[in-house]
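What follows is a single structure, written as structure tokens, with notes after it.
We count ligands from 1, going down the list as the structure has it; atoms in each ligand are counted the same way.
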Amino acid sequence: MIIPLHPRLTDSELKELEAIASEFGVRIQPIHGIERSIYAILGDETSQDLLNRLEGLEFVERVDRIQAPYKLMSRESKLNHHRIRVGDKQLPGDFCVIAGHCTIDPKNKAMFLETAFAVKEAGADMLRGGVWKPRTSPHSFQGDAKSLDILLEARERTGMQINTEVMDFEQLKLCVDAKVDSLQIGARSALNYRLLQQVGELTKSTGTRVLLKRSMHMGPVSEFILAAEYIVAQGNPNVMLCPRGTVPTIEGFRNSPDESITLLLKERTWAPVVVDPSHSVGKAVYVPSACLAAAGYGADGILIETHCNPKKGVGDDPKQAVTPDVLAQIVRDTRQIHAMAARYLPKAAVS
Ligand code: PEP
Ligand code: MN
């Protein structure tokens, strides 16, 4: 919808609009009110280039989008009833729990295996374990490719599906070749559009799940959804959206909890939402409540850092990992809350 700067466009201004519209295969329909006129765009108005051209005209005040800028992620897309499998759960519908170490210590395989068996016992559906880590300081432990073997062995021995983060093409290729079940794209990489495309390209025929975190630098939720669109546009629709806290503004929390955007995401897209309360609140004692909140907001799952001995962990585990017994309680409680929350989901958020 085009709102002109003045109450009504002149004939030559309207002609200029129409010329641009025809370049993009759309039409302009004037709607004349008593005081003002507005100009509807008839046809596919998702092109950002079209909107930029129109907004660049000196006689246009603004252009309001009516259609969502994402075609594949939107609820109008053919993918609206798509389901994603995590362990033996189907999302949306079921509730999944992904749990395990922030970081796998390559020197302590036994500890990761102990956690792996313990999270399985606690009722988790998928095992997480960081092989390569995005660390704020280049002097912190950056992860180790050897940990991929430990993660694969844990899958072999527990029978659990596995999730790990990839940050570049080389890591991506290694994980796809090893048939890692779910690739995590972290908050720092969520704005790396080339990586998102490569993830989509390399996984279009494998069905690999992709857990896409929300970058703390993303603004409106449409920016998050468009990042997912990059992956889906390459042919892999198995994307889960993961709010994980945004820029820290609440002293005491690692990031600002954003599990409440679950409802917005679910109204606007069909993709399952798996919330990460660990990185959101960033402190083990706050994590259980944040998990319950996520389930209450209608999330389809949670990603929780869990460690059999957090004090001996590396990366985030000493401060924010919960123990397997706490995880077991969270699994029981969130499943109940998820069932209750389903009653309150807005109609537009159900597929
Ligand atoms: C993680 O899951 O350990 C991680 C680094 O997450 P994020 O990308 O959300 O910071
Ligand atoms: Mn972590």
Inset, instruction - Determine, using ring centers only, whether F112 and H101 are less than 6.0 Å apart. - result: yes
Inset, instruction - Begin from the C-alpha positions of L327 and I304 and carry the test side-chain contact (heavy atoms from CB on, under 4.5 Å) through to its verdict. - result: CA-CA 8 Å; L327 176 70; I304 320 171; 3.5 Å; yes
Legend entry - Under 3.5 Å: donor-acceptor pair, side chain of S256, backbone of T249: yes
Inset, instruction - Nearest heavy atom to atom 10 (O) of ligand 1 wins, so pick from R244, H279, E165. - result: R244
Which atoms of ligand 1 are found less than 4.0 Å from any heavy atom of [X]?
{"X": "R128", "value": "1 (C), 2 (O), 3 (O)"}
{"X": "C102", "value": "3 (O)"}
{"X": "G186", "value": "8 (O)"}

Considering non-hydrogen atoms of the protein only, which is the closest contact for [atom], and what is the distance?
{"atom": "atom 6 (O) of ligand 1", "value": "K213 NZ, 2.8 Å"}
{"atom": "atom 3 (O) of ligand 1", "value": "K133 NZ, 2.8 Å"}
{"atom": "atom 8 (O) of ligand 1", "value": "A187 N, 2.8 Å"}

Inset, instruction - Can you check the number of protein N/O/S atoms within less than 2.8 Å of the Mn ion (ligand 2)? - result: 4
Inset, instruction - Give a yes/no on ligand 1: does G130 have at least one heavy atom closer than 4.0 angstrom to it? - result: no
Legend entry - Residue D11 excluded, over 12 heavy atoms near CG under 6.0 Å: no
